[in-house]
Amino acid sequence: MRFAPNPNGPATMGSARGIIVNSEYAKMYDGRFILRFDDTDPRTKRPMLEAYDWYLEDCEWLDAKPHEVIYASRRIPVYYEHIEKLLEMKKAYPCFCSREEFRRYRSEGIECPHRNTSEDALEIWQKMLDGAYKEGEVVIRIKTDMKHRDPAIRDWVAFRIIYESHPLVGDAYHVYPTLDFESAIEDHINGITHIIRGKDLIDSERRQRYIYEYFGWEYPITKHWGRVSIHEFGRLSTSTIRKAIEAGEFTGWDDPRLPTLRALRRRGFKPEAIRKFFISLGVGENDVSVSMKNLYAENRKIIDPIANRYFFVWDPVKIRIEGEAEELEKEVRLPLNPGGAGFRVIRGSNEVYISRDDFERFNKGEIVRLKEFCNIRLEDREKGIFSFAGWKPEGVKKGKNIIHWLPESEAVPCTVLGIEKNYRGFAESNAVKDIGKVVQFERFAFCRIESLNRELRAVYTHP
RNA sequence: GCUCCGGUGGUGUAGCCCGGCCAAUCAUGAGGGACUCUCGAUUCCUCGACCCGGGUUCAAAUCCCGGCCGGAGCACCA
């Protein structure tokens, strides 16, 4: 099995499907999983140097470490050898038609003048390599059938001239193979038995079969799947993301709002959840339109039992509790997580922060409960004054009237990088020791604590 | 337009090749209940689908034909 991306940007959710499904099959049948960079176009789909390593990182993260990594741009001489054989066999030829001319021949199903006249094909090829021709002046075509019922198959291009420095191999070459050619050769050399890829490559198979036939090779078994679109992200292509990043709309390729794997990793998603999510999508040929909620559900199953719970008071409002001031200075114990991992301790106070959302919901005289602490009654909304109303939870309406809270002494300034917006407020000081981990801010969401500088920074994972 | 695919609950998926055990799987979602301490978490229950028409057959989600709808490709991109 193989996954063959062009590293013109980092791996996204779309790449994840290819990585996961292919590697999963390799695991199931004890086969090999190869990561191959199809980076043979230094211009239109220019590879991004950093992205090569990012792909490697992302594969390992997804538990899909490749058995072998191939860089097509470093194996161009291999493709040259093969095309030379085809030229000798007269199964390929140099074509001097312009794109427009050839398009006409193709649509009318007639052979172009260069198809059978080039006795000196190998000489022309050599001159191409020597740089005797300009870009677009000549290409190498594979002979198929100019009467093929699908015009897309008719005598396709295998090599073209591009004078542009390649990010990985520099100026070593200026005659580059197309994807169809490079991929056909590599799949055979690497002994690929099964290919699973997008259905946009169905025609590619029909083209490549000609080469396999000429060389007497056996074509791998193929499966083509439809496009995945994710409700929350819509259609974001690598190039649109790049433009948006350059325009400053996103902070980088790992901006939590992006569907890149780097972003998901930053948000604290578990690779196992992503694997399950894509495996559940299957390999049908229909296009699928799926919601991130499914991924959230998978992820939640893994992290919910183990994520530590903390308070995060967003958009905070300071309130004062009157009466029992001394008694309020006590230690409050709250469960750390559902797995029974013990307790965290918060020191109570008669002055605490609560979220504005909560604060503005209450009516005068209403009793609410500060979770695991005490009950309070709203006395004066303008001044933010409540009165003490008992220790036991009795008498409090269940549900939304049990709220989270934080005293000044426990409050660490915190920003959560969200999806729709960022949230500012105070996080419970105990959360500081969970840097790098995914926690649940109670009544808010799961978040990954990222760093502590002037303030604590967290990244929104999901509800 | 030409070539080729596909249509199962709101969403995704299993089943289709090799017809019966399918009043159709699993997940997500939605609705409702529970919770002496997250009603944005957890938990329980319920709801909900074989595109349409014809044919073959004792029997069709599964096979055949037609229609409708949707998708992909038709680059010197991958």
Gap between atoms [atom1] and [atom2], on [X] and [N] respectively (whole Å):
X: A:Leu281; N: B:U13; atom1: CG; atom2: P; result: 6 Å
X: A:Lys45; N: B:C77; atom1: NZ; atom2: C1'; result: 4 Å
X: A:Asp41; N: B:C77; atom1: CG; atom2: P; result: 5 Å
X: A:Ile83; N: B:C76; atom1: CD1; atom2: C1'; result: 14 Å
X: A:Lys293; N: B:G12; atom1: NZ; atom2: C1'; result: 14 Å
X: A:Phe159; N: B:C77; atom1: CZ; atom2: P; result: 13 Å
X: A:Phe181; N: B:C77; atom1: CZ; atom2: P; result: 15 Å
X: A:His404; N: B:A41; atom1: NE2; atom2: P; result: 14 Å

- [ ] Could you tell me whether A:Arg262 sits above the aromatic face of A:Trp54, with NZ or CZ closer than 6.0 angstrom to the six-membered ring centre and within 45 degrees of the axis?
- [x]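 So A:Arg262 does make the cation-pi contact.
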
Is there a side-chain polar atom (N or O) of [X] under 4.0 Å from OP1 or OP2 of [N]?
X: A:Arg207; N: B:C74; answer: no
X: A:Thr40; N: B:A78; answer: yes
X: A:Arg106; N: B:U3; answer: no
X: A:Arg369; N: B:U36; answer: no
X: A:Arg46; N: B:C77; answer: no

Which part of the nucleic acid does [X] contact within heavy-atom distance under 4.0 Å: base, sugar-phosphate only, or nothing?
X: A:Ser204; result: nothing
X: A:Trp225; result: nothing
X: A:Arg149; result: sugar-phosphate
X: A:Ile162; result: nothing
X: A:Gly136; result: base
X: A:Cys97; result: base
X: A:Asp287; result: sugar-phosphate
X: A:Lys301; result: sugar-phosphate
X: A:Glu285; result: sugar-phosphate

Give me the distance, rounded to whole Å, that separates [N] from [M] when you measure between the [atom1] atoms they each carry.
N: B:A72; M: B:G29; atom1: P; value: 28 Å
N: B:C5; M: B:G12; atom1: P; value: 23 Å
N: B:U3; M: B:A75; atom1: P; value: 15 Å
N: B:A23; M: B:C51; atom1: P; value: 16 Å
N: B:C64; M: B:C17; atom1: P; value: 9 Å
N: B:A30; M: B:G67; atom1: P; value: 40 Å
N: B:C16; M: B:A78; atom1: C1'; value: 33 Å
N: B:U13; M: B:U8; atom1: C1'; value: 9 Å

TODO: Starting from the 5' end of RNA chain B, give me the residue, A:Asp357 or A:Phe37, whose nearest nucleotide shows up first.
DONE: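 Counting from the 5' end, the first nearest nucleotide belongs to A:Asp357.
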
Open item on the list: Please compare A:Leu370 and A:Ala297 by the position of their nearest nucleotide in RNA chain B and report the one closer to 5'.
Closed with: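 First, find each residue's nearest nucleotide; the 5'-ward one identifies A:Ala297.
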
Provide the Watson-Crick or G-U wobble partner of [N], both distances under 3.5 Å; none if there is no partner.
N: B:C26; answer: B:G12
N: B:C76; answer: none
N: B:A41; answer: none
N: B:C4; answer: B:G71
N: B:G53; answer: B:C65

Task: Test item: side-chain donor near acceptor, A:Asp287 and A:Trp225, under 3.5 Å - done: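 There is no such pair between these side chains.
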
Closest to the [X] side chain: [options]?
X: A:Arg227; options: B:A72, B:U38, B:A78; result: B:A72
X: A:Lys199; options: B:U38, B:A72, B:G12; result: B:A72
X: A:Ala152; options: B:G73, B:C4, B:A41; result: B:G73
X: A:Arg443; options: B:G40, B:C74, B:A41; result: B:G40
X: A:Arg99; options: B:C76, B:U11, B:G40; result: B:C76
X: A:Val288; options: B:U38, B:C77, B:G12; result: B:G12
X: A:Val139; options: B:U38, B:G12, B:C76; result: B:C76
X: A:Arg300; options: B:G73, B:U3, B:G29; result: B:G29

Using 30° and 60° as the class boundaries, would you call the ring planes of [X] and [Y] parallel, tilted or perpendicular?
X: A:His462; Y: A:Phe269; answer: tilted
X: A:Tyr423; Y: A:Phe444; answer: perpendicular
X: A:Phe181; Y: A:Tyr79; answer: perpendicular
X: A:Tyr219; Y: A:Tyr212; answer: perpendicular
X: A:Phe311; Y: A:His404; answer: tilted

Open item on the list: Counting the benzene-type ring for Trp, do A:Phe37 and A:Tyr71 have ring centres under 6.0 Å apart?
Closed with: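 Yes.
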
- [ ] Measure the spacing between OG1 of A:Thr461 and CZ of A:Arg300 and express it to the nearest 0.5 Å.
- [x]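 Nearest 0.5 Å value for the OG1-CZ distance: 11.0 Å.
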
Task: Side-chain donor/acceptor contact of A:Glu298 with base of B:U28 under 3.5 Å - done: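 Answer is no: no donor-acceptor pair is held.
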
